[in-house]
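Take a look at the structure set out below.
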There are 2 protein chains.
Amino acid sequence: MLSVIKEGIPAIDNSSLVDKVEASLVQLLQQQKLKIGDPIPKEMELATTLGVSRTVIREALLRLRMMGLIESKKKKGAVITSPDVFGNISKSMNPYILDQETLKEMFELRLVLEIGMADLLFNRVKKEDIEELKRIVANEPPVTQYHLFNIEHEIAFHGKLYEISGNKTMKKFQKMLLPIFDYVHNSGILKEQPFITTFVSHKGLVDILEKGDADKFRAGMRNHLENHFKRLF
Amino acid sequence: MLSVIKEGIPAIDNSSLVDKVEASLVQLLQQQKLKIGDPIPKEMELATTLGVSRTVIREALLRLRMMGLIESKKKKGAVITSPDVFGNISKSMNPYILDQETLKEMFELRLVLEIGMADLLFNRVKKEDIEELKRIVANEPPVTQYHLFNIEHEIAFHGKLYEISGNKTMKKFQKMLLPIFDYVHNSGILKEQPFITTFVSHKGLVDILEKGDADKFRAGMRNHLENHFKRLF
DNA sequence: AAATGTATTATGTCAGACATAATAAAATTA
DNA sequence: TAATTTTATTATGTCTGACATAATACATTT
């Protein structure tokens, strides 16, 4: 059998030229400790240096660009950028492209994030934030007719929370999640919207954020999102 | 002033040819309701149909491939795939590429997720899951010397939780976050590791998952992660 | 010195060619 | 005839060379 000599056979590299160049470039970016904004060598230089055609270089650079590692400008060449982790996948975050399973999981993800972020909020919230939240809440319709699910107020309020969390990555994540959440909410993926039960209002959450603690906020947020959770389980 | 005629000037199309082709292709994928595995037209066909060179088509296709929308095979052409939202950015999730701010935020993100996932766990956990968790916990070192922070046990336990959550997207997300978390944990980005205080152990969490409720679990998990939180604030 | 025009440069796009791997078709063999 | 091998086909991968275009630097003019 082949198994005898199998050991001696090195794993053949199935990677294409572009793959190698890409790895090479990533390594370059890591090693050289280049600062953000620093230019990387021109396409032709890279091509001659690495001994491949410009086509291959371009494709590899394109990948880096998609990964958010570089940004190419005409004439100026490509410069290093701080990778925007989620910015780049937001394009593929299209409700019409993702399958229902994934869409539902995105929906869940938002709920998980907002319940779990309590500690970040309490450790970073400022007086001005509370005031702005109160201002936002003041403009909301009364709870009795809140089942209209005013999307704008939802975004204003919950978006502000993400902001308070001080976690920009999470905020970007939310921004990406928003259209998905909205789509799932209005599509037939989830169970029917249940009759509205009483729940902690936005105002209630602000109160907790002002006078309560993280544990109370988690419970409050969980309750606030009850109508969403009901549609999951 | 120009402002008079400014209104009449349409926003010039700053997008490149590739941009347009990309948009065109994405639209194609959405409209035609193509099933997963269906092939899309060959590069040359697209080139002639859309009236651009094969180079442009290739670059646009490459973008779709990076977004995880298609997968190209030799001879067979490109086929539609279910986009793996996070799988594609895992490459750029390199600790050495991301800036410290983002790294820290990723660290936080994990904490947020694990506290917020309680409801998913309680609604989806099965008897077998509890048993497996118990098995995992049984193999762990005693709490007294737990400060060794055995990474393997950490991954085994917490990874299982993500699995129980039934949210594959979140699990992928965790998988992507893992190396980041480990890196941040061991780097100088965070505050010094505090002296270990008592906290809810893995075993304690399993107990809660078996007999408690979501609220208790959140509090327990928050406490379990206390040593991580201490390094943040 | 400010505004304008010109030259340069690096990316964007094009076209055509060959290499390569995966598949389909044909030929061979048992 | 069925199974295997050989050959042909096909679509992507890579290469080369060229021109277009936009951003910048330089020179010119006012």
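In the text below, chain A, chain B and the rest are named by the order of the sequence lines, each starting its count at 1.
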- Note on the structure: With the side chain defined as heavy atoms from C-beta on, Arg65(A) is closest, among dA11(D), dG13(D), dG12(C), to dG12(C)
- Message: Using whole Å, what does the distance between atom C1' of nucleotide dC14(C) and atom CG of Leu50(B) come to?
- Response: 15 Å
- Message: Whether Lys160(A) and Glu163(A) form a salt bridge (side-chain N of Lys/Arg under 4.0 Å from carboxylate O of Asp/Glu) is what I want to check.
- Response: yes
- Rounded to whole angstroms, how far apart are CG on Leu46(A) and P on dC15(D)? 14 Å
- Query: Within this structure, what is the NZ-to-P distance between Lys20(A) and dC15(D), rounded to whole angstrom?
  - Reply: 10 Å
- Item | Between dG13(D) (C1') and Arg63(A) (CZ): distance, integer Å | 11 Å
- Separation of atom CE in Met44(A) from atom P in dG12(C), rounded to whole Å: 15 Å
- When you get a sec, tell me which of dC15(D), dT13(C), dA17(C) is the closest nucleotide to the side chain of Arg54(B)? dA17(C)
- Side chain of Lys42(B) (C-beta onward), nearest among dC15(D), dA11(D), dC14(C): dA11(D)
- Task: Check every atom of dC14(C), dT16(D), dT14(D) against the side chain of Thr55(A) and return the nucleotide holding the closest atom.
- Result: dT16(D)
- Message: Is it the case that the side chain of Ser187(B) and the backbone of Val184(B) share a donor-acceptor pair, with hydrogens and angles ignored and the cut-off at 3.5 Å?
- Response: yes
- Message: Measure CZ/Arg58(A) against C1'/dT13(C) and give the value in whole Å, please.
- Response: 8 Å
- Message: Counting only heavy atoms from other residues, nucleotides and ligands, does the tally under 6.0 Å from NZ of Lys171(B) exceed 12?
- Response: yes
- Roughly how many Å is it from CD in Glu43(A) to C1' in dT21(D), rounded to a whole number? 14 Å
- Indicate yes or no: does Glu131(A) engage Lys127(A) in a salt bridge with an N to O separation below 4.0 Å. no
- Query: How many Å lie between CD on Glu59(B) and P on dT12(D), as a whole number?
  - Reply: 16 Å
- Tell me which nucleotide among dC14(C), dG12(C), dT14(D) gets nearest to the side chain of Ser53(A). dT14(D)
